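To keep things clear, I will list the structure first and then write my remarks on it.
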Amino acid sequence: MTHDAAALGAGLQLPSVLLLWIAVLLRAPSGLRSAAQRGVLLAVATAAAAMTLDLPAVLHEAARHSEANVVAGARNALGVLSAGALLYFVAQATTDVRGLKAALALATGSVLAVLFALDLAAEPHLRIAVPVNGPPTPSLLYWLVLMSTHLGANAFCVLMCLRYSATSASRSLTLSLRLFGLGTALVGIYWLGCLLRVTTGERWPLPWLPLLMDLHGVLRALAVLVPTYSVFRRAMAGIATAWRLWPMWSDLVIAVPHVALATPRHRVWDVVWPRIPYHVLAYRRIIETRDAILALTDHGSPLAPPARSTPGPEAAADAAALAAVVKSAREAKLRGLAPTPHTSGFNSAGSTDLAGERAFLLQMAKTYRSVPTHVGPDSAPPAGS
């Protein structure tokens with residue numbers, strides 16, 4: 001089983017690093033603009049850089065140039081920077097202490113200076129590592145300082161992620177915090193395994209350590225990508241709404257063009273080259289469709305049934321009936337028939353929220369194309385025609 005874990009860890013190493021970098025690149029534009037997100041973005045970016053320096057190809061290239069110690073030292077320094085950024089991200093959300101950034105920068109710099117001094121003071125060594133056999137290099141104290149730094153930062157981060165994910169009102173934030181906390185917990189177990197190795201000499205945790213590090217990278221990347229997924233899902237929902245409403249909306253806008261805030265375009269262009277964000281496009285399409293229906297009220301039948309907001313066969317039947325009345329009203333308007341002022345039941349979808357309005361109009365648009373057009377015999381052309 002330990003052999004399988006080691007093999008899985010080796011196979012997952014490169015994909016986890018790539019996923020981390022993808023998450024960093026996708027979140028960088030919004031993360032750099034938000035002071036609250038810079039800490040977590042820096043923590044993930046430095047962790048990704050440290051994991052990159054631990055890739056076999058990088059280590060092999062470093063060994064060819066006799067720079068393995070430089071790479072290992074840089075990897076550990078990036079890890080300390082990641083821990084410092086992690087503490088800043090968590091502490092920023094939990095305290096208003098002034099000078100927090102300066103204090104954490106001083107603490108991080110001090111840890112790096114201690115590690116550098118311990119490396120220089122140690123006996124000559126080829127690698128900075130925790131080997132399978134033998135003592136850690138450059139020294140036990142070096143690794144104890146490094147591990148205690150990571151364990152302290154990770155424990156604090158996990159506790160805060162658990163605390164705030166339990167009280168957050170945002171589902172996406174709750175999911176992001178829990179994923180990030182779980183990933184941080186796994187890397188904490190990684191450092192506990194390393195600590196067990198250097199203090200007791202136990203070797204059984206070693207095959208599991210690469211897998212823990214890789215899973216930590218995957219979970220942190222997913223945590224960072226949760227807002228991106230939320231934005232993507234919202235955009236897809238907006239595209240779907242605008243696309244499905246377009247045939248009915250474009251027909252109605254031809255009859256009452258004043259309801260459209262912008263010159264209508266084909267729906268393909270709305271998707272490929274949107275003039276406004278997709279969720280705004282969907283909202284405007286819903287509002288403009290309702291405005292067009294209201295504008296056609298006096299051209300429709302006064303006997304239109306009231307629409308229902310609750311789902312079910314009755315609501316579907318009402319949507320189909322309303323589609324037929326609106327289609328006939330559009331035809332009457334285009335023929336130039338005189339409007340007949342009356343109180344009509346088809347000027348309301350029976351819903352008080354946008355979600356209900358959207359659902360009803362989509363049901364209506366589904367049957368709009370297939371319903372027949374009927375202009376009532378009581379309609380008469382305007383005088384003089």
Side-chain angles (χ1 to χ4, degrees), residues 3-34 37-65 67-68 70-86 89 128-130 150 153-154 157-158 161 172 175-191 193-194 206-233 235-236:
H3 176 75
D4 294 338
L8 182 58
L12 192 59
Q13 188 176 20
L14 180 59
S16 65
V17 171
L18 292 177
L19 185 60
L20 270 174
W21 281 120
I22 290 172
V24 169
L25 292 176
L26 288 177
R27 293 295 298 159
S30 59
L32 293 175
R33 289 194 301 267
S34 171
Q37 296 181 28
R38 287 175 196 152
V40 68
L41 187 65
L42 178 60
V44 174
T46 48
M51 292 175 66
T52 301
L53 293 180
D54 204 33
L55 291 173
V58 176
L59 294 176
H60 176 72
E61 191 66 22
R64 286 181 54 195
H65 296 85
E67 296 172 353
V70 175
V71 172
R75 180 192 63 217
N76 291 339
L78 286 169
V80 172
L81 289 175
S82 179
L86 192 63
F89 160 66
I128 299 176
V130 178
H150 282 288
N154 292 335
C157 178
V158 170
C161 285
S172 62
L175 178 60
S176 182
L177 286 173
R178 288 178 178 175
L179 287 173
F180 199 88
L182 181 57
T184 304
L186 290 180
V187 79
I189 297 173
Y190 168 92
W191 287 112
C194 292
L206 296 181
W208 297 90
L209 299 185
L211 179 59
L212 290 171
M213 181 61 74
D214 297 340
L215 291 177
H216 133 268
V218 171
L219 289 171
R220 278 192 175 177
L222 293 178
V224 172
L225 288 174
V226 165
T228 301
Y229 170 74
S230 300
V231 171
F232 175 78
R233 184 178 62 178
M236 291 298 102

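Atom set for the values below is all heavy atoms of this structure, side chains included, hydrogens, waters and symmetry mates excluded. Bear in mind the structure is a predicted one, so any value in this text is a computation, not a measurement.
- Between Arg27 and Pro227, some side-chain heavy-atom pair lies under the 4.5 Å cut-off.
- A distance of 11.0 Å separates CG of Asn76 from CG of Leu81, quoted to the nearest 0.5 Å.
- Contact detail for Ala223 and Leu179: the closest heavy-atom pair is CB-CB, 3.7 Å.
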task = Given side-chain contact (heavy atoms from CB on, under 4.5 Å), test Leu219 with Thr184 step by step and report yes or no.
result = CA-CA 8 Å; Leu219 289 171; Thr184 304; over 6 Å; no
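- Looking at heavy atoms from C-beta onward, Cys194 lies out of side-chain contact with His150 at the 4.5 angstrom threshold.
- Note: Tyr229 OH to Leu222 CG = 12.0 Å, rounded to the nearest 0.5 Å.
- The shortest distance between side-chain heavy atoms of Val44 and Phe180 falls below 4.5 Å.
- Summarising the geometry of Asp54 relative to Leu59, their closest heavy-atom pair is O-CD1, 3.7 Å, with the distance given to 0.1 Å.
- Of all the heavy atoms in Val158 and Ala185, the pair that sits closest is CG2-N, 3.6 Å.
- Nearest approach of Ala50 to Gly79, heavy atoms of both residues: CB-N, 4.2 Å.
- Here the side chain of Ser82 pairs no donor or acceptor atom with the backbone of Leu78 at under 3.5 angstrom.
- Interatomic distance, Ser16 OG to Leu55 CG, rounded to the nearest 0.5 Å: 8.0 Å.
- Inter-residue side-chain proximity for Arg220 and Val40 is flagged as unmet; no heavy-atom pair is nearer than 4.5 Å.
- Taken to the nearest 0.5 Å, the CG atom of Leu211 stands 12.0 Å off from the OH atom of Tyr190.
- The nearest pair of heavy atoms linking Leu42 to Thr46 is O-OG1, 2.7 Å.
- Considering CE of Met51 and CG of Leu14, their distance stands at 10.0 Å, rounded to 0.5 Å.
- Contact check for Val224 versus Val24: no side-chain heavy atoms found under the 4.5 Å cut-off.
- Between His216 and Ile189, every side-chain heavy-atom pair lies at or beyond the 4.5 Å cut-off.
- A distance of 9.0 Å separates CG of Leu182 from CG of Leu215, quoted to the nearest 0.5 Å.
- A donor-acceptor distance shorter than 3.5 angstrom exists from the side chain of Thr52 to the backbone of Ala48, with no hydrogens or angles considered.
- The minimum heavy-atom distance between Ala85 and Ala43, with the atom names listed, is CB-N, 3.6 Å.
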